[in-house]
Each structure stands twice: as structure tokens, then as C-alpha cells.
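When reading the values below, keep in mind they use all heavy atoms of this one structure, side chains included, and skip hydrogens, waters and symmetry mates. Here is how names work: the chains are called A, B, and so on, in the same order as the sequence lines, proteins then strands, and each is numbered from 1. Note that the structure is a prediction, hence the values are computed from the model and not measured.
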Amino acid sequence: MSRILITSALPYVNGIKHLGNLAGSMLPADVYARFQRARRGAENVLYICATDEHGTPAELAALEEGLPIADYAAKYHRIQKSIYDGFQLSFDYFGRSSSPQNHALTQEFARTLWAGGHLDVRTTRQVYSNADKRFLPDRYVIGTCPHCGYDRARGDQCENCTRVLDPVDLIEPRSALSGSPDIEIKDTSHLFLKQSAFAGEIRTWIEGKKSEWGTVVTSIALKWLDEGLRDRGITRDLEWGVPVPDDIADGKLKGKVFYVWFDAPIEYIGATREWADAKGDPTAWERWWRAPDNADVRYVEFMGKDNVPFHTVGFPVTILGSNKSSNRPWKLVDEIKGFNWLNYYGGKFSTSQKRGIFMDQALEILPADYWRYYLIANAPESADSSFTWEHFAATVNKDLADVLGNFVNRVLKFATARFGSTVPAEGKDGPTEQDLAIRLERLIGLYTVQLEEMQFRKAAQELRAIWVAANEYVAVAAPWTTIKTDPAASAASIRTAINLIGLIAVLSAPIIPQTASALAEAVGLDPNKLIWPTGKAADELRKIKAGQAFTVPPVLFGKLLPDQVEAYEARFGGDS
RNA sequence: GGCAGCGUAGCUCAGUGGUAGAGCAGGGGAAUCAUAAUCCCUUGGUCGGCGGUUCAAAUCCGUCCGCUGCUACCA
């Protein structure tokens with residue numbers, strides 16, 4: 001059995017993430033990981049994620065909270081982790097890009113790249129703020145736009161006229177942090193990754209993946225290549241980060257750290273090493289990441305479209321460059337699943353404007369499965385998708401409460417009333433059960449293919465179709481009618497219907513794991529041992545035997561009422 | 001400005017050359033086990049506009065309009 005390595009883009013440590021981050025990388029990756037574990041065994045799947053902790057925004061956020069950056073990063077790592085636990089994200093390990101493991105790996109990659117001639121030192125001119133005592137990234141310099149006169153233009157781009165700027169273009173430039181005009185342009189040296197040398201190799205690679213990867217990914221990657229790959233600075237003048245080792249460039253870069261986009265993808269490997277160390281098997285990470293021991297590993301990355309350039313160009317250059325001088329090459333990604341944006345009422349989720357829903361708030365309102373189902377059924381796969389409370393409520397009420405929840409409830413309540421609390425033994429399967437099995441076999445096949453191909457919207461549609469098929473079965477079998485004339489037939493229908501609940505638990509588990517566990521427990525299955533169906537559907541419908549005790553779980557999904565929807569809109573800034 | 005993606009039924013979206021599809025909403029019916037839930041049937045679209053290629057275009061090409069995003073020192 002081949003193994004699958006899964007990573008989702010590292011959430012930035014800067015505060016609490018909103019639902020867009022969940023929908024566009026972590027949640028689909030988790031669904032895929034859960035599906036693959038059920039299919040090929042948990043030991044053949046490794047799902048890795050981590051907080052991305054370096055960079056200017058984190059340092060500034062720490063200043064704002066009055067915390068040392070290390071404490072700030074630790075705090076938000078902890079907070080994010082607990083929220084992801086709440087959403088049932090089943091990381092095998094959730095690491096930190098500031099870990100010692102990542103420091104070591106990042107420095108090792110840099111040394112190898114330096115030795116291989118893939119890095120060089122260049123002097124750049126950078127804005128320095130004397131008041132803030134730090135270099136400022138372009139966007140943290142503000143001033144008057146030379147083109148349109150907008151007086152709060154940022155150094156990278158004017159938000160008013162959308163023109164791309166250089167900080168030196170600005171009239172009356174000042175620091176965006178302190179507002180101080182006491183800034184100057186200073187020379188500073190940085191390491192550059194010679195990406196341009198890899199343009200041909202990257203293009204060949206991307207072209208080869210064109211039919212396999214989605215348009216979001218390949219079109220963004222090819223756009224960068226078409227515009228010409230530029231070499232990229234991979235160090236910064238900051239305190240917090242992975243230090244550039246002294247043995248690179250004769251110590252000329254002493255005191256500088258690597259650019260967050262250099263060390264963040266390496267943390268995929270770093271976090272795997274954290275995982276290996278944590279479980280006391282310190283070389284286990286290499287069996288996933290390095291040839292030849294990882295020959296059976298397929299590596300899949302999940303990310304939003306903003307991350308695509310770094311995963312199709314930057315990180316691959318790091319890997320390919322290092323591999324040129326290694327007899328144990330690093331794993332290059334096999335498949336990239338990219339997502340568009342989840343919008344909020346057609347606009348962006350916005351922290352500053354208090355629009356949209358943050359993950360901690362979402363969990364306060366409703367359990368994880370409500371969000372997980374909605375976000376997978378409406379995943380921004382082919383285009384941006386838009387969250388509205390009306391749509392959310394309609395989806396939850398119809399699909400989860402009416403179609404799934406009510407099915408379980410109607411079957412188990414009727415069964416308890418007529419047959420007690422164990423699965424009845426009477427009666428035999430007939431043509432109705434055969435029809436059901438034929439239908440399920442087809443639906444399970446379609447659903448499995450969609451999950452395997454990571455078509456999440458379609459997968460959710462197929463899962464829903466399975467729930468509908470369950471309702472159709474009981475409507476045709478009508479045990480409430482047959483109970484009057486042919487109690488054995490009624491018993492057989494109920495036995496099949498209870499097995500349907502068990503099967504639904506297995507099939508639903510990747511998307512709605514908490515509900516799946518509740519269903520499994522209700523019909524006497526071990527929720528930790530749900531195996532993906534591979535055999536005949538008819539056999540799947542006979543797994544739960546006569547005499548098995550079952551319980552009626554509390555109502556699985558409540559409905560969102562119109563006045564609640566209105567209240568949420570008011571609270572979260574929805575405008576309908 | 002340049003580039004990319006999108007524009008299909010009231011809503012959310014499939015469909016990439018061969019007689020327009022799904023779910024929801026709307027309408028009709030059945031059933032009464034169940035969270036008044038379910039099941040069946042059904043109304044509804046000149047596939048953004050215009051032009052072209054083709055025996056045949058939602059699908060390919062051109063052009064225009066609209067929405068969204070990206071444009072490399074935010075990540």
C-alpha cells in the first residue's frame with residue numbers, strides 16, 4: 001500500500017484565522033486525510049501542518065499586544081491549535097516554524113544551496129525608519145502617490161489608483177508604524193535565491209502537471225514563468241527568525257534572518273521532524289521526505305491561491321537546487337490542490353471592517369460539523385464562493401437536519417417503539433434491499449472517486465445522494481405499513497435501515513466526524529475503527545447483526561431559524 | 001495599465017463540439033415512522049452581448065461589457 005503525505009498551507013501566527021482559511025486549505029486537507037486513513041490505514045497517511053511564525057506582521061502584532069515576539073508566537077500557536085482541535089482537524093502533527101527542527105533544516109537547506117552556487121549576496125536599497133529602529137517592508141511606508149495624489153498610498157502599491165509603486169516614489173514618505181517621517185534609504189546585503197536559473201526546469205515540471213492540477217494552480221504558476229522568473233531575496237533585517245549561519249558568505253550576513261517565505265515551506269519537513277522527535281523515532285521523518293526510503297510516498301499540498309507562487313516556484317527551487325548536490329533527494333510535491341477565496345456576501349472577509357466570521361466565533365455558534373459540511377459542499381474550488389447566512393441556514397436545515405438527521409431519528413425511534421432496543425432478527429432481504437444495494441454500490445463508487453480526485457463539492461453532493469437514497473429506501477420499504485400485515489418484513493427493513501446508519505457513519509466520517517462517531521456509537525460500531533467499504537454493498541448492509549443493541553441519539557442537527565439568521569447577520573456585518 | 005479566473009434556471013453551482021443539467025426555492029401529489037421531517041412528479045434558461053469557424057458552439061476563435069483576484073519586500 002502506497003503512502004500519502006498531506007500538508008495544508010501554514011496558517012500565519014498573526015491572530016485567529018477566519019473561515020476562509022479553513023475552507024481553502026486546512027479543512028479539505030483534513031477531509032482528504034480522514035478519507036485516506038479509512039481507506040489505506042492510518043499508518044499510511046501523514047497529515048502535517050504548523051503555524052507560520054516569522055515575518056514583520058507577527059513582530060508588529062506582538063508589539064501591539066505588548067508581548068515579546070516569542071511569547072506572542074507561542075500564545076497564538078496555542079490558541080490556533082485549540083481552535084483547530086475544536087474543528088476536528090486531524091493533524092498527525094501541528095508544529096511551529098520557529099521550532100529548533102526547522103531552524104536546523106532551514107540552515108541546512110541554505111548551506112547546501114550556497115555550496116551549490118544557487119545563492120548569492122546582493123546589495124539592495126531598503127527603507128529604514130530611525131524612529132522605529134527597523135527596516136520597513138515596502139508596504140509599511142506610506143506617503144502621497146505621485147500619480148494620483150492619494151495621501152495614504154502604500155510603498156508597494158497605491159490603493160487608490162492601483163498603480164504599483166516603489167517606496168522612493170512616494171512624496172513625503174513616512175513610517176506606517178510610527179508615522180515618523182524620519183526615514184532614510186540604506187544599503188543592506190541579502191541572500192538571493194537564483195530562481196531564474198530554474199525557470200526552464202520549473203516550466204517543464206508545471207507543463208507536465210497541467211492536466212492533473214487545477215486551473216487555479218497552473219495558470220498562476222505559468223503566469224509567473226511567463227513574466228520571467230526573478231531571483232528572490234531570501235533574507236531580511238529582522239530579529240525574529242532563523243539566523244543566517246556564519247559559514248554562509250563569510251559571515252557577511254551576520255544578524256540577519258531568513259525571509260519567512262524561505263523557512264515556512266521548509267517547516268513542512270520541520271514539523272514532520274517535530275512529529276518524529278515527539279514520538280521518539282527521530283529518523284521517522286526522513287522516510288517520508290527523502291529518497292530512496294520514500295519511493296512509495298505521494299505528496300499532496302493544499303492551499304489557497306495566494307500561496308500558489310511560493311509552492312510552484314519558490315519552494316520547488318529550494319528543493320531542486322538542494323537535490324542537485326544530494327544523493328538523498330528531497331520529495332517534490334506530486335499534487336497541488338489550490339482553492340479560490342471564500343467571500344462573505346460577495347466581498348472579502350475583513351478583520352479591520354469586522355466583516356465575516358472567525359473560527360473561534362464559528363465554534364461558539366455551532367458545532368464543527370455544521371461548518372465542515374457547509375464549507376466542503378460549497379468549497380471555492382473552481383471560483384470564489386460566497387458565504388451568506390441565508391445559504392448557510394438553508395444548507396444546514398435541509399441537508400443536515402432534514403435529510404440526514406431526520407433519517408436517523410425516524411428509523412431509530414420507530415425501531416425502538418416496535419422492536420425494542422436491539423436489532424430485530426425476523427424476516428429476509430427482498431427485491432427492495434437488492435435495489436438499494438445496487439444503487440448504493442454505484443453511489444459509493446462515485447463518492448469514493450470524487451474524494452480520491454479531491455473534488456470536494458462533488459463529493460459532498462454524492463454523500464448527500466447517499467443520504468437521500470436511505471430516505472427513499474425507507475419510503476419504499478415502509479416498515480410502518482408492513483408492521484400491520486407482515487411484521488417480519490418490517491423487521492427486515494429496520495435491520496437494513498440500521499445498517500444504513502452504520503454505513504452512513506463510515507461514509508460521512510471524513511466530512512462530519514463528530515456526527516459520524518455519534519452514529520457509529522448509536523448502532524454499536526467502534527467509531528475509531530471505521531473502514532472504508534470495498535466489498536459488495538449488500539454485505540455492508542448486513543454487518544450489524546440481529547441482537548445488536550442500539551440507542552436513539554439526541555437530535556443530531558438543530559435548525560437555524562429566521563430570527564437567528566437575522567441576528568447573526570447583524571452581529572457579523574452581513575448585508576442582504 | 002498588464003495578466004488570470006469567472007459570467008449557465010429566482011439562488012448556489014455542474015456541464016468544454018452533437019437534441020440544455022443538479023440541489024435549493026416555487027407548483028402538484030403520496031405517505032403519516034420521523035426534527036411538519038420524507039418520497040414522487042413538475043414549472044422555469046434566446047448558457048453576459050456581438051461577430052466568426054463548423055454539418056453542428058454553453059463548449060473553439062475574435063471582440064466588447066460586467067464581477068473578482070494577482071502584479072513578486074504582507075503572508
Side-chain angles (χ1 to χ4, degrees), chain A residues 9-14 52 54-58 60 124 126-127 135-141 147 154-157 161-164 166-167 190 195 215-216 218-220 222-224 226-233 236-237 259-261 264 304-310 313-314 340-341 343 346-348 377-378 381-386 388 390-391 394-395 397-418 455 457-458 460-461 464-465 468 470-481 483 490 493-494 497 552 554-559:
Chain A
L10 307 189
Y12 199 58
V13 76
N14 180 12
D52 175 13
H54 300 135
T56 309
L60 299 180
T124 60
Q126 203 80 37
V127 177
F135 282 96
L136 297 175
D138 290 356
R139 67 157 35 198
Y140 289 101
V141 184
H147 303 289
R154 292 190 325 213
D156 57 342
Q157 183 172 26
C161 67
T162 75
R163 260 189 253 232
V164 178
D166 200 271
H190 284 298
Q195 297 190 141
T215 4
V216 203
T218 51
S219 67
I220 291 173
L222 289 173
K223 192 196 87 179
W224 275 54
D226 290 343
E227 289 176 2
L229 270 197
R230 293 180 229 162
D231 298 337
R232 188 172 188 112
R236 292 291 183 274
D237 292 290
Y259 175 39
V260 55
W261 261 116
K305 59 185 173 186
D306 53 331
N307 273 299
V308 167
F310 305 99
V313 177
N340 292 279
W341 303 126
N343 287 323
K348 282 182 109 168
N378 298 286
E381 275 178 314
S382 59
D384 295 351
S385 73
S386 192
T388 67
E390 292 82 357
H391 192 218
T395 305
N397 292 350
K398 187 67 186 175
D399 294 1
L400 294 180
D402 293 348
V403 178
L404 174 60
N406 181 58
F407 169 74
V408 173
N409 194 248
R410 71 195 291 206
V411 166
L412 295 180
K413 277 211 168 143
F414 179 82
T416 306
R418 298 300 185 136
Q455 295 295 323
R457 266 178 190 267
K458 290 179 182 173
Q461 281 176 21
R464 196 197 117 98
V468 168
N471 276 301
E472 286 175 22
Y473 167 74
V474 292
V476 173
W480 49 86
T481 302
I483 189 81
S490 181
S493 307
I494 286 304
V552 186
V555 165
L556 293 173
F557 297 99
K559 294 196 193 189

Item to check | Qualifying residues under side chain to side chain contact (heavy atoms under 4.5 Å, CB included), relative to Ala58(A), sequence neighbours excluded | outcome: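 Applying side chain to side chain contact (heavy atoms under 4.5 Å, CB included) to Ala58(A) gives Tyr12(A), Val13(A), Ile69(A).
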
Item to check | C1' gap between G17(B) and A57(B), integer Å | outcome: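 Here G17(B) and A57(B) have their C1' atoms 6 Å from each other.
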
Next on the checklist: At 4.0 Å (heavy atoms only), tell me whether Asp399(A) reaches a base, stays on the sugar-phosphate, or touches nothing.
Outcome noted: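 Result for Asp399(A) = nothing.
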
Checklist entry - Heavy atoms under 4.0 Å, any strand shown: does Gln126(A) hit a base, just sugar-phosphate, or nothing? => result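 The residue Gln126(A) makes base contact.
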
Checklist entry - For atom P, what is the distance between U71(B) and G18(B), given to the nearest Å? => result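 Per the computed distance, 37 Å lies between those P atoms.
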
Checklist entry - So what does Ser385(A) hit on the nucleic acid, given a heavy-atom distance under 4.0 Å: a base, only sugar-phosphate, or nothing? => result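 Ser385(A): backbone/sugar contact only, no base atoms under 4.0 Å.
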
Checklist entry - Could you write nucleotides 31-44 of chain B as a row of B, S and -, 5' to 3', where a protein heavy atom under 4.0 Å of any base atom gives B, of only sugar-phosphate atoms gives S, and otherwise -? => result SSBBB-SSSS----

Checklist entry - In whole Å, what separates the C1' atom of U63(B) from that of G28(B)? => result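 The answer is 47 Å between these two C1' atoms.
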
Item to check | Contact nearer the 5' end of RNA chain B, comparing Asp138(A) with Lys305(A) | outcome: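 Looking at RNA chain B, the more 5' nearest nucleotide goes with Lys305(A).
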
Checklist entry - Quick one: does Phe135(A)'s side chain get under 4.5 Å of Thr56(A)'s, heavy atoms only? => result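 A side-chain contact is absent here, since even the closest heavy-atom pair is not under 4.5 Å.
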
Next on the checklist: Base, sugar-phosphate or nothing for Trp261(A)? Non-hydrogen atoms, less than 4.0 Å.
Outcome noted: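 Result for Trp261(A) = base.
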
Checklist entry - Contact class for Pro479(A) (heavy atom, under 4.0 Å): base, sugar-phosphate, or nothing? => result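 Pro479(A): no heavy atom of the nucleic acid under 4.0 Å.
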
Next on the checklist: So, using salt bridge (charged side-chain N to carboxylate O under 4.0 Å, His left out) as the criterion, who are the partners of Asp399(A) when residues are at least two apart?
Outcome noted: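 Scan of Asp399(A) (salt bridge (charged side-chain N to carboxylate O under 4.0 Å, His left out), adjacent residues dropped) gives Arg464(A).
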
Next on the checklist: For Asn409(A) and Leu556(A): C-alpha separation, side-chain torsions, deciding distance, then whether side chain to side chain contact (heavy atoms under 4.5 Å, CB included) applies.
Outcome noted: CA-CA 8 Å; Asn409(A) 194 248; Leu556(A) 293 173; over 6 Å; no

Checklist entry - What is the minimum heavy-atom distance between Asn340(A) and Glu381(A), and which atoms define it? => result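 Taking Asn340(A) first and Glu381(A) second, the nearest heavy atoms are ND2-O, 3.2 Å.
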
Item to check | Residue mapping more 5' on RNA chain B - nearest nucleotide basis, Trp224(A) or Val260(A) | outcome: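 The residue closer to the strand's 5' end, by nearest nucleotide, is Trp224(A).
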
Item to check | Distance, C1' atom - from G52(B) to G44(B), rounded to whole angstrom | outcome: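 Taking atom C1' in both G44(B) and G52(B), they lie 32 Å apart.
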
Checklist entry - If you measure from the P atom in G49(B) to the same atom in A58(B), how many Å do you get, rounded? => result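 It works out to 11 Å between them.
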
Item to check | Candidates A72(B), C13(B), C73(B) - which lies nearest the side chain of Leu229(A) | outcome: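 It is A72(B).
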
Item to check | Sequence-distant partners of Thr124(A), side chain to side chain contact (heavy atoms under 4.5 Å, CB included), two or more places apart | outcome: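 Thr124(A): side chain to side chain contact (heavy atoms under 4.5 Å, CB included) contacts with Gln126(A), Thr188(A), His190(A), Phe192(A).
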
Item to check | Which nucleotides of RNA chain B pair, in dot-bracket form (Watson-Crick or G-U under 3.5 Å, | meaning another strand) | outcome: ((((((((.[[[[.)..(..]]]].(((((.......))))).....[[[[[..)....]]]]])))))))....

Next on the checklist: What is the distance, to the nearest angstrom, from the CZ atom on Arg464(A) to the P atom on A14(B)?
Outcome noted: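 Rounded to the whole Å, the gap is 17 Å.
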
Next on the checklist: Rounding to an integer number of angstrom, what distance separates C67(B) and A31(B) when you compare their C1' atoms?
Outcome noted: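 Roughly 46 Å separates the two C1' atoms.
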
Restricting to nitrogen or oxygen on both sides, can you table the protein-nucleotides 2-7 of chain B pairs closer than 3.5 Å?
from, atom 1, to, atom 2, distance (Å)
A4(B), O2', Ser219(A), OG, 3.4

Item to check | Set of residues satisfying ring pair (Phe, Tyr, Trp, His ring centres under 6.0 Å) with respect to Phe407(A), sequence neighbours excluded | outcome: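 For Phe407(A) there are no ring pair (Phe, Tyr, Trp, His ring centres under 6.0 Å) partners, ignoring immediate neighbours.
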
Next on the checklist: Applying side-chain hydrogen bond (donor to acceptor under 3.5 Å, both in side chains), can you list everything that pairs with Asn307(A), at least two apart in sequence or on another chain?
Outcome noted: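 side-chain hydrogen bond (donor to acceptor under 3.5 Å, both in side chains) check on Asn307(A) returns nothing, list empty.
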
Next on the checklist: Test your reading of the model: is there a side-chain donor-acceptor pair from Ser385(A) to the backbone of Asn378(A), 3.5 Å cut-off?
Outcome noted: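 Side chain of Ser385(A) to backbone of Asn378(A), a donor-acceptor pair under 3.5 Å: yes, one is there.
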
Item to check | C1' atoms of A37(B) and U46(B), separation to the nearest Å | outcome: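 Approximately 40 Å lies between the C1' atom of A37(B) and that of U46(B).
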
Checklist entry - Taking only residues two or more places apart in sequence or in another chain, which ones pass side chain to side chain contact (heavy atoms under 4.5 Å, CB included) with Arg139(A)? => result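 Per chain and number, Arg139(A) pairs via side chain to side chain contact (heavy atoms under 4.5 Å, CB included) with Arg154(A), Asp156(A).
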
Checklist entry - Can you name the residues that form a side-chain hydrogen bond (donor to acceptor under 3.5 Å, both in side chains) with Gln195(A), not counting sequence neighbours? => result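 Testing Gln195(A) for side-chain hydrogen bond (donor to acceptor under 3.5 Å, both in side chains), a comparison that skips the adjacent residues, returns none.
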
Next on the checklist: Restricting to side-chain hydrogen bond (donor to acceptor under 3.5 Å, both in side chains), what partner residues turn up for Lys458(A), sequence neighbours left out?
Outcome noted: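 Partners of Lys458(A) by the side-chain hydrogen bond (donor to acceptor under 3.5 Å, both in side chains) criterion come out as none, since no residue qualifies.
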
Checklist entry - Expressed in whole Å, how much space separates the C1' atoms belonging to C64(B) and A72(B)? => result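 These two C1' atoms come out 31 Å apart once rounded.
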
Next on the checklist: Categorize Gly228(A) for me: base, sugar-phosphate, or nothing, with a 4.0 angstrom heavy-atom threshold over every strand shown.
Outcome noted: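 Since a base atom lies under 4.0 Å of Gly228(A), the category is base.
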
Next on the checklist: Taking side chain to side chain contact (heavy atoms under 4.5 Å, CB included) as the definition, give me every residue that meets it alongside Lys559(A), ordered by chain and number, with sequence neighbours left out.
Outcome noted: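 Expected list: Asn397(A), Ala401(A), Asp402(A).
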
